[in-house]
Amino acid sequence: MIWDILAGIFMGTLTGMGIGGGGLLVLYLTAIDGIGQLEAQGCNLLFFVYASAAALFIHSRKRTLDFRLIGWAALLAVIGSRIGVAITGVLPEEAVRHMFGWMLVIAGAFAGVRVIFGEERHHS
């Protein structure tokens, strides 16, 4: 129980810093806690709702929100979520686990390339 609380605080801190603690949360829940892949991803989505609500509050106070972009992102997220639920409903859990792992590898590779070769954008 105490490890779960500490893991939640650690992942929340990483997410707040923009590091992507959600993916790490799924890894923790599946590898350490022994929770199934689909349940861990569901917990991750719930975690994301709270983390994004805090970010939304902060960015709205700073007036740094692009509501047109938010609308498109929300629409595409709903469509993608529906497709994802349909796909995971017919695939074995092991296949979903492998797809999630490859998604993390690819996202990490793109982030690494961007850090090494891309320009760093600073927001004020």
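By convention here, the first residue in the shown sequence is residue 1. The shown structure was predicted, so the numbers you read here are calculated from the model rather than taken from an experiment.
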Worksheet item: Measuring from L76:CG to I83:CD1, what's the distance to the nearest 0.5 Å?
Response: 9.5 Å
Discussion item. Within the structure provided, determine whether F10 and L6 are in side-chain contact (heavy-atom separation under 4.5 Å).
Written reply: no
Worksheet item: Same cluster for M103 and V26 if Ile/Leu/Val/Met/Phe/Trp/Tyr side chains link at under 4.5 Å?
Response: yes
Practice prompt. Flag yes if I87 and V96 sit in one hydrophobic cluster, no otherwise; membership is Ile, Leu, Val, Met, Phe, Trp, Tyr, and two members link when side-chain heavy atoms are under 4.5 Å apart.
Written response: yes
Worksheet item: What's the shortest heavy-atom distance between L65 and H59, and which atoms?
Response: CD2-CB, 3.5 Å
Discussion item. If I take atom CD from residue Q41 and atom CG from residue L25, how far apart are they, to the nearest 0.5 angstrom?
Written reply: 11.0 Å
Practice prompt. Would you kindly confirm whether F47 and I32 end up in one hydrophobic cluster when ILVMFWY residues are joined by side chain heavy atoms under 4.5 Å apart?
Written response: yes
Worksheet, complete the sentence: Heavy-atom nearest pair, C43 first then L29, reads CB-CD1, 3.8 Å
Fill in: Nearest non-hydrogen partners of T30 and L27, listed with the distance
OG1-O, 3.3 Å
Item to complete: Report yes or no: does D33 contribute a side-chain atom to a donor-acceptor pair with the main-chain N or O of I35 at less than 3.5 Å?
Response: no
Worksheet entry | Expected output: side-chain E93 to main-chain Q37 donor-acceptor under 3.5 Å | yes
Worksheet item: How many angstroms lie between CG in N44 and CG in L24, if you round to the nearest 0.5 Å?
Response: 9.5 Å
